[in-house]
Asker: 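For reference, the structure I am asking about is given below.
Here the structure is a predicted model, which means the values were calculated and not measured.
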Amino acid sequence: MSRIENTGKNFIFSLLATFITAITSFVSRTVFIQTIGVTYLGANSLFTNILSMLSLTELGLGSAIGFSLYKPLAENDTETIKSLMKFYKTAYRVIAAVICVLGLALIPFLDALIKDPGDIQHIPFIYLVFLYNTVISYLFTYKTTLLVADQKSYVMTNMTSVIGIVTVLIQITVLLIGKNYFVYLIVGAVINTVQWYFINRRIFRLYPYLKDRNIQPLAKQERSTIATNVKAMVFHKFGELCINQTDNIIISSFISITAVGIYNNYYMIIGIIDRFSRSIFNAAT
């Protein structure tokens, strides 16, 4: 399949996924607020921001590896691809461990980040579920970079769209029947884990050589190139996090967690518009 055809498929499926996500987000958000309340919605947004800040430890490694995969994919150099992916896997396991340790270390300071928690109970437990979802994603998500570099991100988009719809339907049912936020969180975490399992199985089918055990260490020149690209990405990554991932932390620290929930209702609309525009460019990356 040509690059133009892949770009077209990426764009169409990304556009459909964004549209489906927009609809399900509105429905899910409405049910959430009516059954649980806007305060818990604020907690969702706050903890997402906190853990996104911890992702600074990734330092743009994913982008650097993705760039390094372009040439071996074009030349069908499976040995280099295997070496890159093994290096990537090791690096992301270390990053997952660092995020886990830093995330656990933040638990005693959560009260300082939430000025007015309202009626929220068991804040550390809620935070730990979010931390689990973040850590588990780093243990699996590295393989998806290969799909993106190979212009086959539509494979993941299709799977996440279907699983996302199922997740929303189950969570809405949980909210309507039990109005239990903690069950809602656990259901999301379980489905998230299952989702990553099936995505990885699909990637192994597309690239069976990733199962090979006889993998050569990554060449010194390749490691040097990746290190150079990571250094170039550090300030960009830091700037992006400061601009896009600090709002909820600041609002929660100085105003209230409820204000975070109200703010994110409006921000969700901006986010949907942004995803629609990005789908055009991401399809051709």
Side-chain angles (χ1 to χ4, degrees), residues 13-14 16-18 20-29 31-32 35-36 40-55 57-58 62 88-89 92-93 95-104 106-107 122-148 153-178 180-205 245 248 264 268 271-272 275:
F13 287 114
S14 177
L16 286 172
T18 303
I20 292 169
T21 301
I23 298 298
T24 55
S25 294
F26 274 112
V27 175
S28 176
R29 182 70 59 93
V31 174
F32 189 100
T35 54
I36 302 297
Y40 278 97
L41 178 62
N44 271 10
S45 304
L46 172 64
F47 294 147
T48 299
N49 259 188
I50 291 173
L51 293 167
S52 294
M53 289 294 291
L54 292 182
S55 70
T57 55
E58 194 260 356
Y88 198 11
K89 177 181 179 180
Y92 258 44
R93 282 185 173 180
I95 290 168
V98 171
I99 289 176
C100 183
V101 171
L102 291 177
L104 293 172
L106 279 177
I107 292 177
H122 310 295
I123 290 175
F125 171 78
I126 297 171
Y127 173 76
L128 284 172
V129 175
F130 277 85
L131 179 61
Y132 167 81
N133 283 331
T134 302
V135 171
I136 202 74
S137 69
Y138 275 95
L139 294 177
F140 290 102
T141 194
Y142 71 95
K143 291 191 188 77
T144 62
T145 302
L146 184 57
L147 284 176
V148 176
S153 57
Y154 60 85
V155 173
M156 184 175 64
T157 300
N158 293 345
M159 293 185 71
T160 54
S161 295
V162 173
I163 296 173
I165 293 171
V166 173
T167 304
V168 168
L169 291 175
I170 294 174
Q171 288 183 320
I172 286 175
T173 303
V174 168
L175 290 176
L176 291 174
I177 294 175
N180 191 312
Y181 176 66
F182 303 105
V183 175
Y184 169 91
L185 279 180
I186 292 170
V187 166
V190 170
I191 296 177
N192 182 49
T193 305
V194 173
Q195 172 182 269
W196 281 118
Y197 170 76
F198 282 108
I199 288 174
N200 273 260
R201 282 189 60 181
R202 178 62 174 157
I203 292 172
F204 276 134
R205 288 198 196 101
Q245 304 298 337
N248 296 329
N264 271 272
M268 181 184 71
I272 290 170
R275 284 196 294 274

Asker: Using the side chain to side chain contact (heavy atoms under 4.5 Å, CB included) definition, which of the options Asn133, Val190, Val129 pairs with Leu185?
Answerer: Val129
Asker: Ala96 and Tyr138: which non-hydrogen atoms are nearest, and at how many Å?
Answerer: CB-CB, 3.8 Å
Asker: If you look at every heavy atom in Tyr127 and Gly103, which pair is closest and at what distance?
Answerer: OH-O, 2.8 Å
Asker: How many angstroms lie between atom CE of Met156 and atom OG1 of Thr144, to the nearest 0.5 angstrom?
Answerer: 4.5 Å
Asker: For Val31, which of Val174, Val168, Leu175 qualifies under side chain to side chain contact (heavy atoms under 4.5 Å, CB included)?
Answerer: Leu175
Asker: Looking only at the aromatic ring of each residue, does the gap between the centers of Phe140 and Tyr197 stay below 6.0 angstrom?
Answerer: no
Asker: Which atoms form the tightest heavy-atom contact between Asn180 and Val183, and what is the distance?
Answerer: OD1-N, 3.1 Å
Asker: Between the main-chain N or O of Tyr154 and the side-chain N or O of Asn158, is there a donor-acceptor pair closer than 3.5 Å?
Answerer: yes
Asker: Step by step, work out the side-chain contact (heavy atoms from CB on, under 4.5 Å) result for Phe32 and Ile172.
Answerer: CA-CA 8 Å; Phe32 189 100; Ile172 286 175; over 6 Å; no
Asker: Rounded to the nearest 0.5 Å, how far does CG of Leu131 lie from CD1 of Ile126?
Answerer: 14.0 Å
Asker: Measuring from Asn248:CG to Leu46:CG, what's the distance to the nearest 0.5 Å?
Answerer: 6.5 Å
Asker: Apply side-chain contact (heavy atoms from CB on, under 4.5 Å) to the pair Ile199 and Phe204, showing each step before the final yes or no.
Answerer: CA-CA 9 Å; Ile199 288 174; Phe204 276 134; over 6 Å; no
Asker: Search all heavy atoms of Gln171 against all heavy atoms of Gly188 and return the closest pair with its distance.
Answerer: NE2-CA, 3.4 Å
Asker: For the CZ atom on Phe182, are there more than 12 heavy atoms of other groups (residues, nucleotides or ligands in this structure) within a distance under 6.0 Å?
Answerer: yes
Asker: Are side-chain N/O atoms of Tyr92 and Thr141 paired as donor and acceptor at under 3.5 Å?
Answerer: no
Asker: OG1 of Thr48 to CG of Asn264: how many Å apart, nearest 0.5 Å?
Answerer: 8.5 Å
Asker: Can you confirm whether Phe125 sits close enough to Ile186 that some side-chain heavy atom of one is under 4.5 Å from a side-chain heavy atom of the other?
Answerer: yes
Asker: Heavy-atom distance under 4.5 Å between the side chains of Leu102 and Val98, does that happen here?
Answerer: yes
Asker: Nearest 0.5 Å, what's the CZ-CG distance between Arg29 and Leu41?
Answerer: 4.5 Å
Asker: Taking C-beta and beyond as the side chain, do Asn192 and Tyr132 meet within less than 4.5 Å on heavy atoms?
Answerer: no
Asker: Roughly how far apart are Lys143 NZ and Ile203 CD1, rounded to 0.5 Å?
Answerer: 7.0 Å
Asker: Nearest heavy-atom pair of Ile99 and Ser55: which atoms, and what distance?
Answerer: CD1-CA, 4.2 Å
Asker: Would you say Thr24's side chain and Thr21's backbone share a donor-acceptor pair under 3.5 angstrom?
Answerer: yes
Asker: Could you tell me how the ring of Tyr181 sits relative to the ring of Tyr184: parallel (under 30°), tilted (30 to 60°) or perpendicular (over 60°)?
Answerer: parallel
